[in-house]
K.L.:
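Got a structure for you, questions after.
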Amino acid sequence: MEKSVMVIGGGIAGIQASLDLADKGIIVHLVEKSPSIGGRMAQLDKTFPTNDCSICILAPKMADCFSHPNTNVITYAEVVGVEGKVGAFKVKVLKKARFVDETMCTGCGECLEKCPVKVPSEFEMGLSNRKAIYTPFMQAVPRVMTIDKENCIMITKGKCGNCKKACKREAIDFEMKDQMLEIEVGSIIVATGFDSWNPTTSTEYGYGRYPNVYTAMEYERMINAAGPTHGHIERRSDKKRPTKLAFIQCVGSRNPQVGHPYCCAVCCMHSTKEAMLAREHHDDMESTIFYKDMRACAKGFWEYIERAKRDYGVRYLNSDATVQENPENHNPIVVYDVGGRQQSEEFDMVVLATALIPRKETLELAKILGLKADEFGFLESSDRILGMGRTNVPGVFLAGYAAGPADIPESVAQGSSAAAKAVEAMALAGGA
Amino acid sequence: MAEPQHTIHEKKDEPRAAAGEFEPKIIGFLCNWCSYAGADLCGVSRYQYPTNVRPVRVMCSTRISPHLVLDIFKAGADGILLGGCHLNDCHYISGNFYTEKRVRLMLKLLEDAGVDPKRLRLEWVSASEGEKFSKVVTEFTETIRNLGPNQVKKDAALRSKIAAADEASDTFRLRALVGKELGLEKTGNVYGNKLEQTELEKLIDIATKEEFERSLILELSKDKARSVKELGKIMEVPTDRVLRHIVVLRQKNMLSMDHPEGFTPTYKTIIIGGEQ
Amino acid sequence: MTMAETKKTDPNEKPRIGVYVCHCGSNIGGFVDVPSVAEYAKTLPDVVYATDNLYTCAEDGLTSIREGIRKHNLNRVVVASCTPRTHAPLFQTTCESAGLNKYLFTFVNIREHCSWVHMKEKEKATLKARDLIKMGVARARLLMPQEEEKVDVEPTGLVIGGGVSGMTAALSLADMGFPVHLVEKEGELGGFVRNLNNLYVTEKSATETIKPLIEKVKASKNVKLHLNSQVKSVEGFIGNYDVVMASKGAEDIKTKVGTIVVATGALEFVPEGLYGYNQYPNIVTLTEFEILCKKKSLPSLKNVAFIQCVGSRGQKVSYCSRICCNVAIKNAINIVDNYENMLGLAEKNGTIIDTVPVEKKVPDEILERRRRRRGRERGEEGEAEEVKLGPSEKIEVTVFNRDVMAYGVEHELTYNKAREHRVKFVRYTPENPPKVFMEGNQLMVSYFHETLKLDRSMPVDMVVLSTPMVPQLDTREMSQMLKVPQGQDGWFLEAHVKLRPVDFATDGIYVCGTCKGPADITEAATQAAAAASRAAIPMAKGYVQAEALTSVVDDIKCSGCGTCIQVCPYGAMRKNDKGLAETIVAACKGCGCCGATCPEMAITMTNYTDAQLLAEAKATLEEV
Ligand SMILES: Cc1cc2nc3c(=O)[nH]c(=O)nc-3n(C[C@H](O)[C@H](O)[C@H](O)COP(=O)(O)OP(=O)(O)OC[C@H]3O[C@@H](n4cnc5c(N)ncnc54)[C@H](O)[C@@H]3O)c2cc1C
Ligand SMILES: Cc1cc2nc3c(=O)[nH]c(=O)nc-3n(C[C@H](O)[C@H](O)[C@H](O)COP(=O)(O)OP(=O)(O)OC[C@H]3O[C@@H](n4cnc5c(N)ncnc54)[C@H](O)[C@@H]3O)c2cc1C
Ligand code: SF4
Ligand code: SF4
Ligand code: SF4
Ligand code: SF4
Ligand code: SF4
């Protein structure tokens with residue numbers, strides 16, 4: 001049997017691990033839960049600390065990963081069982097029916113117009129709608145449609161079928177069934193990433209109540225040229241462009257009360273980036289960042305903060321902050337404390353750097369694989385100092401945010417590192 | 001590149017065409033990784049724009065050397081759009097920094113040649129800026145429409161000047177200077193700080209002017225021997241300056257002199273091989 | 001993938017071009033008159049066959065390409081359909097399967113760049129599509145068959161530096177099955193960690209933690225260890241580096257390796273002239289403090305102050321050194337929790353630190369400078385009067401900081417723990433840094449209290465200065481020898497800050513650990529395994545194959561000026577024996593920068609020649 005590895009999760013960490021393995025001649029089965037690979041990075045507008053366009057640098061990697069002769073990218077699928085040990089795992093993968101034949105669909109999108117059902121787009125953080133037949137974003141890989149069976153009225157009520165009529169390639173198949181695949185691999189890499197914490201329950205920020213309070217992820221989509229507002233920053237309440245922005249850090253993180261006492265390690269930087277981008281969009285944008293500690297400590301990061309202050313006029317205030325609202329104009333009012341004095345200031349928009357948390361499904365996956373997770377749900381390395389990413393299960397490795405807070409470069413390094421460890425493990429096990 | 005908004009009727013050799021009749025021909029050199037991808041996204045998103053741009057795919061905007069641009073203007077293009085990745089996004093690390101430097105030279109040469117520099121446009125379009133691509137093309141097409149057709153095929157004087165600019169862009173001296181500048185640029189860094197304007201930039205500006213004028217002398221004296229005075233008049237350059245150029249060109253054995261007794265000397269371009 | 005034997009296309013053979021125009025269902029066909037465009041294509045020079053397909057990329061479309069090549073003896077193929085960015089590989093493979101070299105294929109985009117963006121102007125869109133195909137055909141006429149050059153890769157690695165990252169990289173390569181040379185300039189493995197007391201997160205002994213790693217490296221059959229050695233010269237390119245290693249008191253060793261991992265680590269910044277360092281007693285750097293703890297030589301203490309960001313974040317260096325906050329927190333907790341264990345014997349050490357019993361690894365120049373200074377001061381001022389301190393029950397620790405970089409899960413929790421253990425954190429701004437001075441015999445720290453808006457001062461027994469990591473002194477020489485870049489701050493510069501964190505732009509050379517910037521052991525080791533993974537790729541393949549999109553230097557035109565070598569972002573140009581430029585095909589990425597720069601116009605870009613680009617562009621400018 002040829003050497004093969006399964007990578008679970010197709011974010012940047014999983015993509016990097018897959019490419020590193022495939023390039024070494026190892027067969028990679030990349031299992032991605034959603035309809036497209038790309039993960040969170042595909043949702044970001046630019047990336048700190050160089051402000052490169054995220055999708056521009058990611059899309060070529062996604063395409064490489066998909067079309068590599070040694071990869072088998074299984075999207076819309078999940079791992080449901082595993083047996084065996086290093087060198088000889090047997091993994092059960094549930095490939096959900098997408099009701100569109102991947103080999104026939106060219107992604108032309110003729111079906112989209114005809115579908116009558118609108119649902120909030122997950123990729124756009126609910127800021128715009130998608131259809132029941134959809135591709136999460138324009139650069140999705142594979143670029144094929146998926147029908148979401150919860151919302152398709154043909155599948156739920158048996159009437160419609162518009163998309164099938166529109167599709168000249170006859171790619172649509174309402175009879176499609178879930179498929180159970182059984183795949184043998186020598187090693188497994190878990191790279192299932194993170195979720196954004198929903199701050200609705202922490203009332204002090206007014207998210208969900210005050211229309212002009214956004215999460216950072218929503219904001220990232222909003223400033224993206226391909227996003228729901230075509231890159232225009234606008235307020236939920238009146239569609240007007242704000243000029244005074246407040247960014248509040250550590251929303252739900254470094255906060256034992258809501259169960260995330262840890263620091264997410266990327267949000268000080270991403271808020272800085274987001275404030276800079278506001279100014280890049282419009283010269284009159286004024287941003288203020290309310291922070292506890294400005295954690296900008298990797299290569300080029302502190303310089304980035306200095307640049308934000310100097311060239312982009314970003315104001316930094318070292319304070320906790322809460323939000324109220326001016327009911328007349330829906331302007332959020334930020335209440336804060338500098339030098340022991342409580343103060344408040346009205347803004348046009350507030351962006352919350354919400355805590356980043358492990359995905360819930362990762363815990364289930366951990367159970368299936370026999371992995372240990374810490375009290376917050378991050379997967380644990382068995383050798384924390386010298387062998388980050390190695391786990392208590394021989395042959396199973398971790399990469400990316402699922403193993404603890406990591407930015408893109410760290411996720412990439414961990415992806416490559418996990419690839420090396422997987423090869424070492426298989427060499428040692430002397431098998432598959 | 002934000003262009004200053006000034007009047008567009010200033011070039012006498014380029015009368016404005018009657019609106020509606022003129023469909024500009026625009027060449028768009030698009031880099032594979034960003035601007036071409038941005039144009040793709042524009043299509044996928046169905047943003048509409050005028051049909052005038054003809055894209056030519058290159059791997060990187062850095063591929064476009066000045067002589068390609070001038071040669072294409074010489075062939076009659078009404079406008080040229082160069083598309084690259086945003087600075088710091090270049091797939092090839094630093095290619096677009098070089099492009100920026102080269103475009104500076106191209107614009108200078110166009111100006112010397114009497115071609116409105118607005119006919120050349122450099123734009124950074126990322127792979128996610130589909131809408132921007134449509135805007136850029138729409139705007140640029142409109143700009144060119146207002147400028148009217150490139151008169152190179154009808155206007156012999158303009159033709160010589162563009163040919164001279166094309167020749168100048170090929171000269172060892174200019175390319176070596178720009179190469180040197182790019183070498184320095186490379187030591188600039190990826191975190192977004194650009195090197196300050198160098199002394200070299202000034203040197204390049206001087207060299208550009210000189211090389212253009214020399215090439216123009218060669219161009220004008222190709223079919224007909226000409227005197228210093230004559231050249232000075234056509235080129236609108238003081239005669240002592242023309243004479244200095246002639247001395248250099250004679251040293252390089254690029255001009256021959258005819259000096260019949262009692263007449264002012266005239267000069268003719270020495271043509272090597274079939275093609276000049 | 002097995003490929004049909006590619007027939008040799010004679011470059012001089014007259015082009016016989018086939019054009020395939022795609023409807024893409026109605027995606028193109030709905031907005032462009034595709035059949036008329038295909039008819040038009042037949043009228044173009046050298047086109048011998050043109051047709052339209054409903055879906056060129058569907059199996060019947062591909063079959064029509066293969067058949068066209070056979071039936072009409074096509075030696076160039078043009079497909080006018082969607083975008084080359086997704087579909088070029090498919091059509092190229094199709095051409096190859098019919099025996100046509102894939103470089104004789106060219107793509108024309110009439111969907112994304114035409115039908116989809118001119119949906120309301122069918123006539124003009126059709127004209128544009130015709131023009132685009134005319135341009136594609138003009139390009140196709142000048143295409144040449146190309147061979148992709150393969151370069152063999154020597155499956156042996158070289159790792160420079162025997163700290164945690166170097167050892168991890170070497171061991172990883174070894175465990176993946178590749179022989180590897182590990183070069184360490186000192187007589188011992190371990191690097192900077194040998195100075196450290198205990199490690200944060202686990203709180204275990206630093207030397208004990210890395211001992212198993214050192215043992216595994218020493219035991220590995222695949223690792224050839226070169227202690228007391230340095231790399232003297234490196235020549236060559238990916239897959240084929242000729243390396244000379246020089247060892248103390250031995251002959252130079254010459255060897256050939258395929259890939260190189262750089263892991264030369266970092267130094268600690270010496271805060272000469274800052275905060276009374278080397279001026280007053282009991283002022284040490286973090287590293288010196290760690291050494292004192294490790295040697296169990298701490299004097300008796302009651303009040304300790306840590307000052308963070310000494311020289312970093314816009315002071316002497318612009319960056320934040322990432323680890324020093326957490327190292328300070330670790331040591332603060334150590335003092336509070338474990339002070340007794342680190343206390344030295346009073347009779348041996350007294351209460352003043354004047355010579356730190358430093359292991360050799362602390363940069364010699366630091367020690368030397370300190371020793372000289374001490375000597376001078378003693379000579380001038382006579383015996384410094386001893387600071388009298390009684391043994392203390394309760395120790396006060398204050399950390400003066402700007403921001404506490406307790407990023408991630410464990411550091412933040414440890415930071416909380418430190419606060420619970422009564423460690424005080426006092427924030428200062430760079431405009432108002434704390435001051436260290438003597439009041440009589442008493443060492444003092446004064447600072448500005450931000451809330452009270454008042455200057456405060458406190459007596460301390462020891463001040464620990466958290467200074468940043470700085471690049472090794474020989475980084476520049478290394479970078480010149482290996483032809484890899486340094487960033488502005490002097491660290492080695494990776495190829496791409498985000499997506500290629502452990503690659504150098506030059507293929508075949510990789511970088512990890514603190515030589516590319518501050519990192520802790522975990523991060524250094526992760527980068528090291530990543531670098532090993534990257535280095536293993538060409539070695540596992542055994543060769544590198546470059547797409548035939550590279551630069552080619554014309555020997556006759558080249559003057560050897562070296563401009564191309566300077567501008568190439570990938571170090572893919574070198575001088576040959578004749579002193580002329582030569583492309584390292586295995587490293588060239590085909591950006592074309594050298595070609596656009598060469599003053600002698602001596603460089604051509606394969607498959608994107610000037611002639612091809614000009615023909616393509618000018619085709620649309622011809623009068624009809
Ligand atoms: C608002 C915001 C801005 C940011 N900006 C930056 C920035 O500018 N620069 C930077 O360096 N970092 C930035 N980051 C951090 C960056 O997003 C992460 O470092 C990076 O995305 C982590 O990648 P990953 O692959 O580990 O996880 P993810 O991107 O989350 O990918 C995980 C993938 O796994 C899939 N998956 C999950 N569970 C399963 C399962 N059970 N089975 C199969 N597949 C599964 C998911 O669908 C997803 O595709 C930002 C983060 C946020 C929130
Ligand atoms: C005060 C202090 C406390 C720290 N505490 C912790 C902690 O608690 N936890 C933690 O995780 N990290 C800690 N660190 C960080 C840790 O020391 C580094 O992460 C680690 O040493 C990095 O390893 P490295 O291999 O990259 O570099 P180094 O350890 O510096 O090793 C580099 C090696 O390369 C060799 N070398 C250099 N140049 C050459 C050459 N030209 N040729 C051959 N060999 C060469 C050197 O001799 C050295 O052996 C601390 C650092 C400091 C300064
Ligand atoms: S069948 Fe379902 S997916 Fe298709 S158009 Fe109707 S509702 Fe939409
Ligand atoms: S990175 Fe900054 S905003 Fe995010 S949790 Fe840490 S300190 Fe708070
Ligand atoms: S002391 Fe803290 S903030 Fe200062 S440079 Fe070190 S890690 Fe960064
Ligand atoms: S720039 Fe041109 S002339 Fe100079 S060395 Fe390179 S190829 Fe030769
Ligand atoms: S084409 Fe680009 S990568 Fe290749 S040698 Fe020239 S400059 Fe270097």
K.L.:
Is there a donor-acceptor contact under 3.5 Å from the side chain of B/Y98 to the main chain of C/V567?
P.N.:
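Confirmed, B/Y98 side chain pairs with C/V567 backbone.
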K.L.:
Grab the two heavy atoms, one from C/P569 and one from B/Y92, that are nearest each other, plus how far apart they are.
P.N.:
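Smallest heavy-atom distance, with atoms named: CG-O, 3.5 Å.
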K.L.:
Do C/K124 and B/N52 have side chains that get closer than 4.5 Å, going by heavy atoms?
P.N.:
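Of all side-chain heavy-atom pairs linking B/N52 with C/K124, none is under 4.5 Å.
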K.L.:
With a 4.5 angstrom heavy-atom cut-off, could you sort out which part of C/L549 is near chain B: side chain, backbone, both or neither?
P.N.:
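Contact with chain B is through the side chain of C/L549 alone.
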K.L.:
Take C/C561 and B/K180 through the side-chain contact (heavy atoms from CB on, under 4.5 Å) test and state the conclusion after the steps.
P.N.:
CA-CA 10 Å; C/C561 71; B/K180 185 147 188 200; over 6 Å; no
K.L.:
Taking only residues two or more places apart in sequence, or in another chain, which ones meet C/R322 in a salt bridge (Lys or Arg N to Asp or Glu O under 4.0 Å)?
P.N.:
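In terms of salt bridge (Lys or Arg N to Asp or Glu O under 4.0 Å), with neighbours along the sequence ignored, C/R322 is linked to A/E410, C/E523.
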K.L.:
Report which part of C/K618 has an atom under 4.5 Å of a heavy atom belonging to chain B: side chain, backbone, both, or neither.
P.N.:
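Contact with chain B involves the side chain of C/K618 alone.
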K.L.:
With a 4.5 angstrom heavy-atom cut-off, could you sort out which part of B/R57 is near chain C: side chain, backbone, both or neither?
P.N.:
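Both parts, backbone and side chain.
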K.L.:
Which region of C/M135, side chain (C-beta onward) or backbone (N, CA, C, O), has a non-hydrogen atom less than 4.5 Å from a non-hydrogen atom of chain B, or is it both or neither?
P.N.:
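The side chain, not the backbone.
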K.L.:
If you round to the nearest 0.5 Å, how far is CZ of C/R85 from CH2 of B/W33?
P.N.:
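The CH2 atom of B/W33 sits 7.5 Å away from the CZ atom of C/R85.
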K.L.:
Would you indicate whether the side-chain heavy atoms of B/R175 and C/T563 approach each other to under 4.5 Å?
P.N.:
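Result no, sub-4.5 Å side-chain heavy-atom pair not found.
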K.L.:
Counting C-beta onward and ignoring hydrogens, is there a side-chain heavy-atom pair between C/L614 and B/D71 closer than 4.5 Å?
P.N.:
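Yes, at least one pair of side-chain atoms sits under 4.5 Å.
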K.L.:
Which atoms of C/H118 come close to chain B, meaning under 4.5 Å heavy atom to heavy atom: side chain ones, backbone ones, both, or neither?
P.N.:
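Both parts, backbone and side chain.
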K.L.:
Side-chain contact test, heavy atoms from C-beta onward, threshold under 4.5 Å: evaluate it for B/F133 versus C/V117 and give yes or no.
P.N.:
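Heavy-atom side-chain distance check fails, nothing below 4.5 Å.
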K.L.:
Does a side-chain heavy-atom distance below 4.5 Å link C/L613 with B/I72?
P.N.:
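Not in contact.
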K.L.:
Output the distance between atom OG1 (C/T620) and atom NZ (B/K25), rounded to the nearest 0.5 Å.
P.N.:
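If we round to the nearest 0.5 Å, C/T620:OG1 and B/K25:NZ are 3.5 Å apart.
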K.L.:
Could you state the interatomic distance from CG (C/N607) to CE (B/M59), rounded to the nearest 0.5 Å?
P.N.:
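That separation rounds to 9.5 Å.
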K.L.:
Side chain, backbone, both or neither: which part of C/A125 has a non-hydrogen atom closer than 4.5 Å to chain B?
P.N.:
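Only the backbone of C/A125 comes within 4.5 Å of chain B.
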K.L.:
Looking at B/R63 and C/D610, does any basic side-chain N land under 4.0 Å from a carboxylate oxygen?
P.N.:
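Salt bridge: yes.
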K.L.:
So which bits of residues 74-82 of chain B come within less than 4.5 Å of chain C, counting non-hydrogen atoms only?
P.N.:
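Residues in range: B/A75, B/G76, B/A77.
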K.L.:
Testing the basics here: between C/H113 and B/P55, what is the closest heavy-atom pair and its distance to 0.1 Å?
P.N.:
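Minimum heavy-atom separation between C/H113 and B/P55: ND1-CG, 3.6 Å.
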K.L.:
Atom CD of C/E600 and atom CG of B/D170: how far apart are they, to the nearest 0.5 Å?
P.N.:
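Here the rounded value is 11.5 Å.
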K.L.:
Measure the CG-CG distance between B/D40 and C/N109 for me, rounded to the nearest 0.5 Å.
P.N.:
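Reported value, rounded in 0.5 Å steps: 5.5 Å.
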K.L.:
Measuring heavy-atom distances to chain C, does B/H67 have an atom under 4.5 Å in its side chain, in its backbone, in both, or in neither?
P.N.:
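Only the side chain of B/H67 comes within 4.5 Å of chain C.
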